[in-house]
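Okay, structure first, notes after.
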Amino acid sequence: MKLQLGKGSQQMLLAAFIITSMQVIVKVINHIPPQEIVFFRALIAFVISYVTLKRQNVNVWGNNKGWLLTRGFVGTLGMVLLFASYQNLPLATAVVLQNLAPLFTAVLAVLFLNKTLKPIQYLFFVLSIIGVIVIKGFDPDVDMFYLIVAVLGALAAAGAYTAIGKLKGKEHPVVIIFYFPFVAVPLTGVWCYYTEWITPMGWDWVALLTIGILSQVSQILLTKAYQSDDDTATVASMNYSSVIYGVVYGILLFGEFFSWQVLMGMLLVVAGSILNLIYTNRKAAISEAKNN
């Protein structure tokens, strides 16, 4: 039997590949501080999103400024922390830890979006945390400081997703996107000024430009994937292909190999997130069926 993937699933697979490729470039230019990379990435996003909004004659400032600014701030913090983890941890490990974000989002949704969690969902969360502990315990290349940085980055990313959820249906999607670079450019600019600034040289400029372009392309693909006619749960599950891409990139480009215990830890982290995704979507489907 031939496996058929819908257009949305294909777009998500491509988006995950592009995002992981961007993460590889971030790791390659590890002589440039993560906050500086975010500064240039945000600068490109600022120009693109601002021009898009002006062409569509949309008010760039939106109406829910508190949540928009929150989305921009925690999104910026999350990106800097995750970029730091890409540069200082094995790539596959950093990518796996990034996938804690959906679980953190589920927990934050209880606090800010009036959602509820069933006891079994807390079990999924514990499963992923056990995976993190196993990775740290069996991988000598995992520095505890940067493991914490990666987990905090995933938590901040979850905060950004929660803010986006709060703004759903209330703001133009590009306005929500715009507030990330609107906050990130001055914030990381000041951060660079008072910490460390490395002037990009030669191919660094190409790498930084590529990071900005790949980020925008991946955002477009992600949006189209979720707006497709494909099943949302199936589309979302395709995003976990980033773990496979991360492992392959790590082996081919950085000589990263893992023991079976570390691979098991990675599997536990991803399993916790995927099980929560399956459970959440199944619960939503049952609820929708009852309402109909």
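As a basis for the values below, the full set of heavy atoms in this structure was taken, side chains included, without hydrogen atoms, waters or symmetry mates.
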Worksheet item: Under 4.5 Å between any side-chain heavy atoms of F180 and R41, yes or no?
Response: yes
Worksheet item: Would you call the rings of F182 and Y179 parallel, tilted or perpendicular if under 30° counts as parallel and over 60° as perpendicular?
Response: perpendicular
Worksheet entry | Gap between atom OG1 of T188 and atom CZ of F83 - 0.5 Å precision | 11.0 Å
Fill in: Aromatic F254 / basic K27 pairing, under 6.0 angstrom, 45° off normal
yes
Worksheet, complete the sentence: Rounding to 0.5 Å, atoms CG (L103) and CD1 (I129) come to a distance of 8.0 Å
Worksheet item: Can you check whether F112's main-chain N or O pairs, donor with acceptor, with K166's side chain at less than 3.5 Å?
Response: yes
Discussion item. Going by side chain to side chain donor-acceptor pair (under 3.5 Å), name the residues that satisfy it together with Q261, two or more places apart in sequence or in a different chain.
Written reply: S259
Practice prompt. Might you confirm whether atom CH2 of W203 has over 12 heavy atoms from other residues, nucleotides or ligands at distances under 6.0 Å?
Written response: no
Discussion item. side-chain contact (heavy atoms from CB on, under 4.5 Å) for V126 and I130? Distances and angles first, verdict last.
Written reply: CA-CA 6 Å; V126 171; I130 291 174; 3.9 Å; yes
Practice prompt. Might you confirm whether atom OH of Y161 has over 12 heavy atoms from other residues, nucleotides or ligands at distances under 6.0 Å?
Written response: no
Worksheet item: Above 12 or not: heavy atoms from other molecules or residues under 6.0 Å from OH of Y240?
Response: yes
Worksheet item: Hey, is NZ on K65 packed in by over 12 heavy atoms from elsewhere, all under 6.0 Å?
Response: yes
Response to the item:
Grouping ILVMFWY residues whenever side-chain heavy atoms fall under 4.5 Å, the cluster of V190 otherwise contains Y193, Y194
Practice prompt. Measure the acute angle between the ring planes of F40 and W197, then classify it against the limits of 30° and 60° as parallel, tilted or perpendicular.
Written response: tilted
